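Just below is one structure, and these are the notes that go with it.
Any value given below was found using the heavy atoms of this structure, including those in side chains, with hydrogens, waters and symmetry copies removed. All values reported here derive from a predicted model rather than from experimental measurement.
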Amino acid sequence: MGCRNLVVVLGDQLDLQASAFDGFDPGQDQVWMAEVREESTHVWSSQVRIALFLSAMRHFAEALRERGYRLTYQKLDDANAEQTLGAALTRTIRELRPAQLLMTAPGDWRVLQALRVVSRSEALPLDIRPDRHFYISVGDFTTHMAGRKSLRMEFFYREMRRRHHILMDGDQPLGGQWNFDAQNRKPLNAKVLTAVPTPLRVEPDAITLQVLSLVATHFKGHPGSLQDFAWPVTREQALESLRCFVAERLPHFGRYQDAMWPGEVWLFHSHLSSSLNLKLIDPREVVSAAEQAYHLGTAPLASVEGFIRQVIGWREYVRGIYWTQMPGYLDQNAFGATRPLPAFYWTGETEMRCLSDALKQTLAHGYAHHIQRLMVTGLYTLMLGVEPKAVHEWYLSVYVDAVEWVEMPNTLGMSQYADGGFMASKPYVASGRYIDRMSPYCKGCRYDPSVSSGDKACPMTILYWDFLIRHQEKLMKNPRMGVQLMNLDKMGNSEREKIRTTAEAHRNAIYPTVESSNGSTA
Ligand code: FAD
Ligand code: SF4
C-alpha cells in the first residue's frame with residue numbers, strides 16, 4: 001500500500017483533533033512518531049519529564065492504532081533506533097516513499113529547523129498546518145505587536161477577553177474589573193492548609209510502568225526521581241484532572257496563587273500545564289470549565305479570573321513572544337551575567353530553606369508552582385548573576401511542562417530579564433522579606449531575611465541589595481524601579497561596601513573553584 005501523506009506527530013502534539021489529521025485517510029495516509037534519545041539529551045532532561053513524554057506518546061500511539069490508523073513508531077529501545085528526529089524520519093521516508101510530509105506547526109524552533117532540513121534533503125514537500133490549539137495565531141500576535149512601543153501582557157489579555165468573549169458582560173469585564181489581584185495573592189495559614197485537597201494521582205498502568213523501567217535504565221544518570229510518578233498521560237486522565245481542579249481547587253486558586261508552604265507541593269494550583277502542553281486537553285475546555293464554575297456559583301470571580309488570565313493571557317502571550325523573537329531571543333543577556341548554574345540546582349542541597357524545598361520538590365515531581373519558579377529559583381539565579389542560557393537549560397530540563405515555546409520567554413524574559421524589558425516591565429527582584437511574607441520558610445531557616453551582614457545574613461537579601469548596587473545605573477532608566485532604588489539611596493557607603501563583601505563571600509562559597517569577582521562580572 002502506498003503512502004500519500006506521512007503525518008508527523010511530535011511528542012507534544014498528542015491531539016486527535018489537530019489540524020494534521022484534517023482529511024486523514026487511513027487508506028492512503030500514515031502517521032509517524034519517534035522516541036529519540038536526542039530529545040532527552042539536548043538538555044539534560046529529568047527522568048520524570050522523559051517518562052511523561054514517552055508514556056503519553058505510547059498511549060497516544062495506542063489511540064491511533066485503535067482508530068485503525070497506520071503508524072510507524074520508533075521506540076527508544078528498538079534495535080537500531082535512530083538517535084535524532086531527523087535521522088529517524090529520513091529512514092521512514094526512504095522506506096515508505098510518501099508523496100509529502102504533513103504536520104501541525106511544531107512548538108519548538110529547533111525542531112522546525114530539523115524537519116525542514118529533512119524535507120529539503122529528501123526533496124519532499126513539508127505541509128505545515130496552523131496549530132489550532134492556541135487562541136491566537138502567530139500572525140495575529142504579530143499584528144497585535146505592530147505599532148506598539150512596548151508589549152504588555154495586561155493589554156493583550158484584555159484584547160483576548162474581548163475577542164473571545166470570555167468573562168464579559170457586553171463589552172465590559174464581568175464584575176466591572178479586568179483584574180482581581182487585590183483580592184488574590186494572600187499568604188497561607190495552617191488552618192487553610194488543612195483544606196488543601198489531596199491531588200489527583202494517576203496510578204501508572206502497564207505502559208507507564210514499562211516506560212518508567214526504560215527511563216531508569218537508559219537515563220540512569222539524569223536528574224530527578226521516578227518514585228512518585230503520577231502525571232496524566234492520556235486525554236481521559238487529563239480531563240479527570242481538570243474536573244478535580246475545577247471542583248476542588250479553583251475556588252481557592254486566586255487567593256493563594258502566590259503562597260508557598262514547606263513540604264506542600266500542590267496547594268490550590270491546577271497542575272494542568274503538562275496536559276495542556278502535550279495537547280492532551282484544549283485550553284478552551286479548561287477556560288470553559290472555569291467560566292462555568294463561576295456561573296454555577298461554585299467558584300468566585302476573583303479565582304476564576306485569576307486562573308483564566310494565566311491560560312488565555314500569559315500562556316498565549318509567551319508563545320507569541322517566542323515565535324516572533326526566535327532565534328535571536330536565546331542569546332539575550334541584558335545584565336551580562338556569566339556565572340554557571342550552582343551545582344546544588346541538581347540536588348537541592350543548600351542551607352537556604354526556601355531554595356532547598358523548591359529544588360527538591362522540582363526534582364522529585366517535575367513540578368513547582370509559578371511563584372516558586374519566579375520568586376525563588378529564578379530570583380536567586382538572577383541576583384547571583386548566572387548566565388541566562390544556563391538558567392534556561394535548567395528550566396527546560398527539570399519540569400514536566402517544559403517545552404521551549406513557553407519555558408524560554410518565562411525564563412529569559414520574565415524571570416531573568418535577559419531581554420532587557422521586552423517582556424516584563426521590570427526585573428522581578430526582591431529580598432528575603434518577600435519570601436518571608438509569602439511563606440513560613442524563613443522561620444525554620446538558618447538565615448534571617450532581615451539581616452544583610454554576618455553569619456545570619458540571608459543570601460536572598462544580600463544578593464538583592466548587591467544586585468541593585470551593581471546595576472543601579474541601568475535600573476535607574478526604569479521608572480518602575482523607583483521605589484526600590486530610593487531605598488538603596490538611603491544606604492550609606494560603608495553599608496554598601498559591607499553588602500558587596502558579604503555577597504562576594506557568598507559567591508565564593510557557591511563557586512569555590514571560580515575566581516572571585518572583582519565587580520566586572522554580573
Ligand atoms: P496554574 O498555576 O494552575 O496555572 C494555570 C495554567 O496557566 C498553567 O497550567 C499554565 O498552562 C498557564 N500558565 C500559568 N502561568 C503561566 C506563564 N507564566 N506562562 C505560560 N503559561 C502559564 N509553564 C509551562 O507550561 N512550561 C514551562 O516550561 C514553564 N517554565 C517556566 C519557567 C519560569 C522561570 C517561570 C517563572 C514560569 C514558567 N512556566 C512554565 C509558567 C508557570 O510557572 C507554569 O505554567 C505553572 O507553574 C504550571 O503549574 P500549574 O499547571 O499548576 O499552573
Ligand atoms: Fe530563604 Fe532567606 Fe528565608 Fe532562608 S531566610 S528561607 S534563605 S529567604
Side-chain angles (χ1 to χ4, degrees), residues 187 258 260 334-339 341-342 344-345 350-359 371-388 391 411 414-418 420-421 424-439 441-443 445-511 517 519 521-522:
D258 286 7
M260 298 177 277
F335 291 118
T338 56
R339 291 177 180 275
L341 190 80
F344 67 74
Y345 267 61
T350 165
E351 288 186 300
M352 289 172 263
R353 194 171 177 224
C354 52
L355 254 181
S356 172
D357 203 46
L359 293 169
I371 290 302
Q372 292 174 299
R373 299 187 205 198
L374 183 66
M375 297 308 289
V376 181
T377 47
L379 174 69
Y380 182 75
T381 52
L382 169 63
M383 300 192 306
L384 189 68
V386 179
E387 189 194 4
V391 183
T411 304
M414 191 189 299
S415 160
Q416 303 301 295
Y417 202 74
S425 57
K426 71 192 257 282
Y428 283 94
V429 283
S431 74
R433 284 174 192 270
Y434 169 82
I435 291 171
D436 195 27
R437 209 167 46 245
M438 298 311 296
S439 77
Y441 279 116
C442 303
K443 307 217 166 34
C445 184
R446 95 155 201 63
Y447 302 109
D448 182 336
S450 57
V451 175
S452 55
S453 64
D455 186 46
K456 299 254 345 140
C458 162
M460 293 291 193
T461 300
I462 306 163
L463 292 176
Y464 168 71
W465 289 116
D466 180 65
F467 179 89
L468 294 185
I469 294 168
R470 284 185 297 126
H471 299 296
Q472 187 169 7
E473 213 170 299
K474 186 169 264 171
L475 297 174
M476 268 168 21
K477 295 184 190 130
N478 186 332
R480 292 207 60 211
M481 292 302 295
V483 175
Q484 283 166 292
L485 292 176
M486 223 156 63
N487 289 331
L488 178 68
D489 278 342
K490 292 179 195 151
M491 197 181 271
N493 283 344
S494 69
E495 183 66 12
R496 283 175 179 237
E497 200 41 50
K498 231 194 284 178
I499 294 277
R500 298 222 52 167
T501 315
T502 317
E504 197 57 27
H506 179 72
R507 286 202 184 86
N508 289 341
I510 298 294
Y511 303 109
S517 155
T521 49

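For the atom pair NZ (Lys443) and CZ (Arg353), the distance works out to 9.5 Å, reported to the nearest 0.5 Å. The OG1 atom of Thr411 sits 12.0 Å away from the CG atom of Leu382 when rounded to the nearest 0.5 Å. Residue His471 holds its NE2 atom at 5.5 Å from CZ of Phe335, rounded to the nearest 0.5 Å. Expressed to the nearest 0.5 Å, how far CG of Asp436 lies from SG of Cys445 amounts to 10.0 Å. Taking OH of Tyr434 as the start and SG of Cys354 as the end, the distance is 11.5 Å to the nearest 0.5 Å. Here Leu374 contributes atom CG and Gln416 contributes atom CD; the two are 9.0 Å apart, rounded to the nearest 0.5 Å.
Heavy atoms only, all atoms of each residue included: Ser415 and Gly378 are closest at OG-CA, 3.5 Å. Summarising the geometry of Gln484 relative to Val429, their closest heavy-atom pair is NE2-O, 3.0 Å, with the distance given to 0.1 Å. Of all the heavy atoms in Met481 and Pro427, the pair that sits closest is SD-CD, 3.8 Å. Summarising the geometry of Gly432 relative to Cys458, their closest heavy-atom pair is CA-SG, 4.0 Å, with the distance given to 0.1 Å.
Side chains of Leu355 and Thr377 form a contact here, defined as non-hydrogen atoms less than 4.5 Å apart. Between Arg433 and Tyr464, the closest side-chain pair of non-hydrogen atoms is not below 4.5 Å. The closest side-chain heavy-atom distance from Thr502 to Ser452 is not below 4.5 Å. In this structure, the side chains of Met352 and Tyr380 come closer than 4.5 Å at one or more pairs of heavy atoms. Between Thr381 and Tyr345 the shortest side-chain heavy-atom distance falls below 4.5 Å. Looking at Arg496 and Gln472, their side chains come closer than 4.5 Å, going by heavy atoms from C-beta outward. Looking at Ile435 and Met460, their side chains come closer than 4.5 Å, going by heavy atoms from C-beta outward. Annotation: side chain of Pro342 is in contact with side chain of Tyr511 (closest heavy-atom distance under 4.5 Å).
For residues 376-385, no residue pair satisfies the salt bridge (charged side-chain N to carboxylate O under 4.0 Å, His left out) rule, not counting sequence neighbours.
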request  = Step by step, work out the side-chain contact (heavy atoms from CB on, under 4.5 Å) result for Met375 and Asp258.
outcome  = CA-CA 9 Å; Met375 297 308 289; Asp258 286 7; over 6 Å; no
request  = Just do the side-chain contact (heavy atoms from CB on, under 4.5 Å) check on Thr461 and Val451 with the steps written out, would you?
outcome  = CA-CA 7 Å; Thr461 300; Val451 175; over 6 Å; no
message = Please determine whether side-chain contact (heavy atoms from CB on, under 4.5 Å) holds for the pair Lys490 and Asn487, giving the CA-CA distance in whole Å, both sets of side-chain angles, and the decisive distance to 0.1 Å.
response = CA-CA 5 Å; Lys490 292 179 195 151; Asn487 289 331; 3.1 Å; yes
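Not a single donor-acceptor pair under 3.5 Å links the side chain of Asp466 to the backbone N or O of Met383.
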